[in-house]
Amino acid sequence: MTHIRKNRAVSSFLAAMAISIALGIAITGCTASNSEDTGEPKPMAADADLVQATATNGKEGYIKESEVSAASQPAPSPEVAAAKMRVLEAQQKEAFYVALGGGTAQADGTPSLSEEEASRLFDEIHNDADGLDEGIAKAAAASDAFSVAELHAAFTVALDAGREQTPIPVYDADGETVIGEFLVG
């Protein structure tokens, strides 16, 4: 339970950091770790840059607020952001296609799913105004080939594909010894 609580706190802290970066507001004076008793952030010294976190290897340690901020920098221009979004969508569509068995042949040698059909299904789900679950249900109802569970699993794989994550070091309590990494993004 503590591990889940800490990871939620770190996620909340990182979301707050992203918002603060976008708005140009500094966040200082608290950690992302929750107190067991109150669930409130624990205050740190005003000059502290360390935030409690769990490394990808499961070790408890600290990340530096300054490194989280550096790893969370927004795109330098709207054009760069749009280009990144186009690349991300292409990577997600490819992952969706592969997750649904695209590129494999049926018994008669015909492809099980065309890239165009996978792209159409992805767009149908992704752009549904009623939300993800409703989009998946509608796409499954319109498809003879895929169930809700299959489309949900493939879309989950697709959303994870191409997501940029920047590793930053996780430090021991001394703030210098690296004991693992934490993914930002």
Side-chain angles (χ1 to χ4, degrees), residues 1-96 98-99 122 125-126 131-133 135-136 152-185:
M1 184 68 162
T2 301
H3 181 69
I4 292 170
R5 187 175 295 142
K6 286 180 182 175
N7 283 341
R8 272 194 216 136
V10 170
S11 294
S12 297
F13 173 78
L14 292 176
M17 285 295 297
I19 292 168
S20 71
I21 289 167
L23 297 176
I25 302 169
I27 295 178
T28 59
C30 68
T31 71
S33 64
N34 281 346
S35 166
E36 291 297 317
D37 301 331
T38 65
E40 296 297 318
K42 296 178 194 174
M44 292 185 71
D47 62 340
D49 187 35
L50 299 177
V51 178
Q52 191 172 5
T54 303
T56 57
N57 62 8
K59 292 183 179 180
E60 296 290 324
Y62 299 87
I63 55 177
K64 293 184 178 179
E65 188 176 325
S66 57
E67 291 175 350
V68 172
S69 294
S72 303
Q73 292 299 314
S77 71
E79 294 78 19
V80 171
K84 282 185 170 188
M85 290 303 295
R86 285 190 297 275
V87 169
L88 175 62
E89 186 172 311
Q91 291 171 333
Q92 289 174 332
K93 285 183 177 184
E94 176 65 21
F96 185 71
V98 171
F122 180 90
I125 295 167
H126 190 258
L132 177 62
D133 290 335
I136 289 172
H152 190 276
F155 201 76
T156 300
V157 168
L159 291 180
D160 286 340
R163 190 174 71 183
E164 286 185 33
Q165 293 187 315
T166 304
I168 60 171
V170 175
Y171 300 95
D172 202 358
D174 64 8
E176 293 180 20
T177 306
V178 176
I179 61 169
E181 68 178 18
F182 185 87
L183 299 177
V184 178

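For the single chain, residues carry numbers from 1 onward in sequence order.
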Centroid-centroid distance, F96 to F122, less than 6.0 Å: yes
Pairwise side-chain contact, V178 with Y171, heavy-atom cut-off 4.5 Å (strictly under): yes
Atom pair CD (E181) and CG (L183), whose distance is rounded to the nearest 0.5 Å: 5.5 Å
For the student: nearest non-hydrogen atoms of Q91 and A161, plus distance: O-CB, 4.0 Å
Test item: I168 and V68 side chains (from C-beta on) under 4.5 Å apart, heavy atoms: yes
Contact check, side chains of F182 and E67, non-hydrogen atoms, under 4.5 Å: no
Minimal non-hydrogen separation, V170 against A55, with atom names: CG2-CB, 3.7 Å
Beyond-backbone contact of I63 with L50, side-chain heavy atoms, under 4.5 angstrom: no
Value rounded to 0.5 Å, distance of CG in L159 from CG in L132: 7.0 Å
Side-chain touch K59/T54, heavy atoms, less than 4.5 angstrom: no
Heavy-atom pair with the smallest gap, counting every atom of A75 and V80: CB-CG1, 4.1 Å
Closest heavy-atom pair and its distance - V184, S72: CG1-OG, 3.4 Å
Whether D172 side chain and D174 backbone form a donor-acceptor pair below 3.5 Å: no
Side chain to side chain contact (heavy atoms under 4.5 Å, CB included) partners for D133, two or more places apart: H152
Rounded distance [0.5 Å steps], CE in M85 versus CD in Q92: 7.5 Å
